[in-house]
Amino acid sequence: MIQEVYTLTIRELKKWLSRRGTFIVSLITPLFWLGLFGKSLNFASMFTPTNLPPQYSSLLSQYVDQQLLNLFGTTNYFTYLASGMLVVFGFFQSVFGGTNLVFEKRLGYLNRLLMTPTPRSGIFLSKVFGTLVRILFYETVLILIAYGLGFKFKPGISALNIILAGIAIILVAIGFVSIFAAIAFNVDNVEIMFAIVNLINLPLMFASSALFPLKQMPSWLQEIAKFNPITYAADIVRHNLIGTPVSNYILSWIILLVISVALFIIGMFVSINAMERS
Amino acid sequence: MKTMETVIEVKNLTKKYGDFVAVDHINFTINKGEVFSLLGPNGAGKTTTIGMLSTVKKPTEGDAFILGHSIVKQKYQVRKLIGVSPQDLTADDELTGYENVLIMAKLFGYRGKEAEDRSKWALEFMDLWDSAFKKVREYSGGMRRRLEVAMSIVHNPAVVFLDEPTVGLDVQSRRHIWELIRDLKKNGTTVLLTTHYMEEAEELSDRVAIIDHGKIIAMGTPDELKAKIKGDRIYVTLKGQDHMDEIIRKINDILPNSTNKVDGQILIKTESSSEFLPQLIKILSDYEVIELKVVKPNLEEVFLELTGKGLREDEGGFDRFKYMRITRGARR
């Protein structure tokens, strides 16, 4: 079982490495988000007074900073958004990791795998592992780029903080790659698959605290966001990287863990079922 | 004669999709070292049969045994014993041929040096070692087909299933694959081949099962099957259809019940064409003949005799994606 999972995971990664183009293309979307929203939506500069007397000017910027701190937990919206984008990017990559199974089905590769003694769970797990390795690599690149663009880590950040943030992102990714692999095992048509991806992707991103704090949202959206693992992962990542306070840190971990494990188990069960049926 | 070991035993194997019966209670056995062909038009149920024997499709009824292991109840054991080369080109074109074969070796439980040696052996066997370290996307159509076979023999399976191994290939590549399949047989491997090319079945098989609409309608050695049509076939194509019935009547007067109309042609069945031709030419001299064709017994004629239609007819719906998949890279 271990040898099979390892072999198939290496295959995924070799394929990924041989497509150098996708590496850059995959990073374009998050970079646009960071540049466009993170840098353009600069709330602090929006309220920078230009023709006030100096004593009012400093008073006003103190007030603006106070408001931003209340809202985002940091005076730097770019840092707020970038930490959320780390989670969203992990989420997007995990969705596409599951989705490319539809192509492997169409090309007959999956069928060939199913005719070998490879355990069905191994086929599913190699998909999950391959996607996770890719995500960890991209996340590292992304945080380095964000740092270059002015991302501010919290003072006294430790290696443990970074590892915990990474684990939160991995948990989100495990949950979604499992679910989307399960969907892909049951969908034969590429267009239908992408319709499903689009249907789920953007709403899940917006109905979370990745881009804006929950308390800024209408109450019905807040209710939806409370069931979204991206919300909890974003809160945990922010808490660890930039020091934003979280109302209940331990509870956030528990909820994230429960949702991810549940999605993983459901995804694996549905996937294996789909492989055995026909 | 020494007793032969049965490698595959198929019993009443049936697959239904709703009301449509894709495979209808078929029975056959294949002995060790035999090349056995399922010959039939597209849509006859050949690929569905392979799908069931390779454990990815569940039979609606019946069972089959690979070296005594049930394809329904002992899937895992069966998978270890078989090597399947599907109709689709499944190799990863972003990887090299060697990497593709090595993945298969490892999935069948070989490790380290042994996996590498097995892969080298399979690629050498299929005449691909020279291109083993090229990306598969640089392979020609024939090389890709050979790679598919290499991927399915790397673990030295008890039986190899080859599903339309030469579809979409030119004559030269096809002959090359035929040679390699003969080598496989020499190597002692049992082969189950599906094809809709009668030359292929005739060239390679020890025994052939002719399959149509999910049923096996005849089975035997190519010679036994050809013996079902006694003698030769003569096809006459006339300019216009006006005198057809008249000519058929005249010929039937000489050779009773020998002649009828098939697809706008006159078909004459005769024990010996060389004896009958002079008489036929005398009859036809009064009419305008476009083509006169004498066909020696072959499996195509057997199929025509049994089903009333040619092997290439009945192609069914055209699936563009499937066509692309089968011929990927085959046009270079």
Side-chain angles (χ1 to χ4, degrees), chain A residues 1-23 100-127 129-130 134 185 187-193 271-278, chain B residues 15 17 47-48 50-59 71 74-96 99-100 102-112 115 135-137 148 151-152 154-155 157 161 163 319 321-322 324-326 328:
Chain A
M1 170 82 167
I2 293 166
Q3 163 152 329
E4 284 94 340
V5 174
Y6 179 76
T7 304
L8 292 176
T9 305
I10 293 296
R11 165 183 171 264
E12 292 257 325
L13 296 176
K14 270 189 182 159
K15 278 170 65 113
W16 170 57
L17 288 174
S18 74
R19 280 178 297 212
R20 289 178 202 97
T22 46
F23 169 70
N100 73 22
L101 254 167
V102 180
F103 292 100
E104 300 205 327
K105 258 166 77 174
R106 278 300 230 162
L107 293 176
Y109 189 82
L110 182 69
N111 215 25
R112 185 183 260 284
L113 279 187
L114 293 177
M115 291 168 178
T116 68
T118 316
R120 315 287 101 150
S121 54
I123 296 175
F124 169 81
L125 287 177
S126 68
K127 204 73 264 145
F129 289 145
R134 280 204 297 267
F185 270 117
V187 172
D188 287 324
N189 186 312
V190 178
E191 280 143 38
I192 292 174
M193 191 66 211
S271 299
I272 292 173
N273 218 11
M275 283 186 261
E276 291 291 355
R277 188 187 53 219
S278 72
Chain B
K15 180 73 181 175
Y17 295 103
T47 301
T48 308
I50 297 269
M52 286 189 282
L53 293 179
S54 52
T55 74
V56 292
K57 287 199 172 92
K58 202 173 155 193
I71 58 159
Q74 295 166 293
K75 288 183 191 172
Y76 183 74
Q77 285 91 326
V78 168
R79 284 171 193 149
K80 284 203 285 195
L81 293 168
I82 60 172
V84 190
S85 174
Q87 205 170 344
D88 304 327
L89 294 173
T90 61
D92 263 314
D93 55 7
E94 291 156 317
L95 304 180
T96 65
E99 284 169 328
N100 270 293
L102 190 64
I103 288 173
M104 283 296 145
K106 289 187 172 165
L107 293 181
F108 278 97
Y110 291 100
R111 281 154 196 270
K135 290 263 161 80
V136 172
R137 74 165 80 91
E148 292 296 328
M151 286 165 76
S152 41
V154 66
H155 56 294
F161 301 152
D163 195 1
D319 178 347
F321 202 95
K322 186 173 178 194
M324 278 163 46
R325 203 166 50 181
I326 292 172
R328 262 195 313 162

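A note on names: the letters A, B, ... follow the listed sequences, proteins ahead of strands, and every chain is numbered from 1.
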Indicate the atoms forming the closest heavy-atom contact of [X] with [Y], along with that distance.
| X | Y | result |
| --- | --- | --- |
| G109(B) | Q3(A) | C-NE2, 4.1 Å |
| R79(B) | T116(A) | CD-O, 3.2 Å |
| T55(B) | L114(A) | OG1-O, 4.3 Å |
| I103(B) | Y109(A) | CG2-OH, 4.0 Å |
| Y76(B) | P117(A) | CE1-O, 3.2 Å |

Inset, instruction - Could you pull out all residues at least two apart from D163(B) that satisfy salt bridge (charged side-chain N to carboxylate O under 4.0 Å, His left out)? - result: none

Inset, instruction - Tell me, please, which residues at least two apart from R120(A) pass salt bridge (charged side-chain N to carboxylate O under 4.0 Å, His left out). - result: none

Legend entry - Residue part contacting chain B, namely of L110(A), when any heavy atom lies under 4.5 Å: neither

Inset, instruction - Please state whether the side chain, the backbone, both or neither of M151(B) comes within less than 4.5 Å of a heavy atom of chain A. - result: both

Would you give the length of the straight line joining atom [atom1] of [X] to atom [atom2] of [Y], rounded to the nearest 0.5 angstrom?
| X | Y | atom1 | atom2 | answer |
| --- | --- | --- | --- | --- |
| I10(A) | L95(B) | CD1 | CG | 11.5 Å |
| T7(A) | L102(B) | OG1 | CG | 8.0 Å |
| S18(A) | E99(B) | OG | CD | 8.5 Å |

Inset, instruction - Check for a donor-acceptor pair, side chain of E94(B) on one end and backbone N or O of R19(A) on the other, with a separation under 3.5 Å. - result: no

Legend entry - Stepwise side chain to side chain contact (heavy atoms under 4.5 Å, CB included) test for T90(B) and L113(A): CA-CA 10 Å; T90(B) 61; L113(A) 279 187; over 6 Å; no

Legend entry - Options S54(B), G83(B), S152(B), ranked by heavy-atom pairs under 4.5 Å with chain A, top entry: S54(B)

Inset, instruction - Mind ranking K14(A), R11(A), M115(A), R112(A) by heavy-atom pairs under 4.5 Å with chain B and telling me who comes out on top? - result: R112(A)

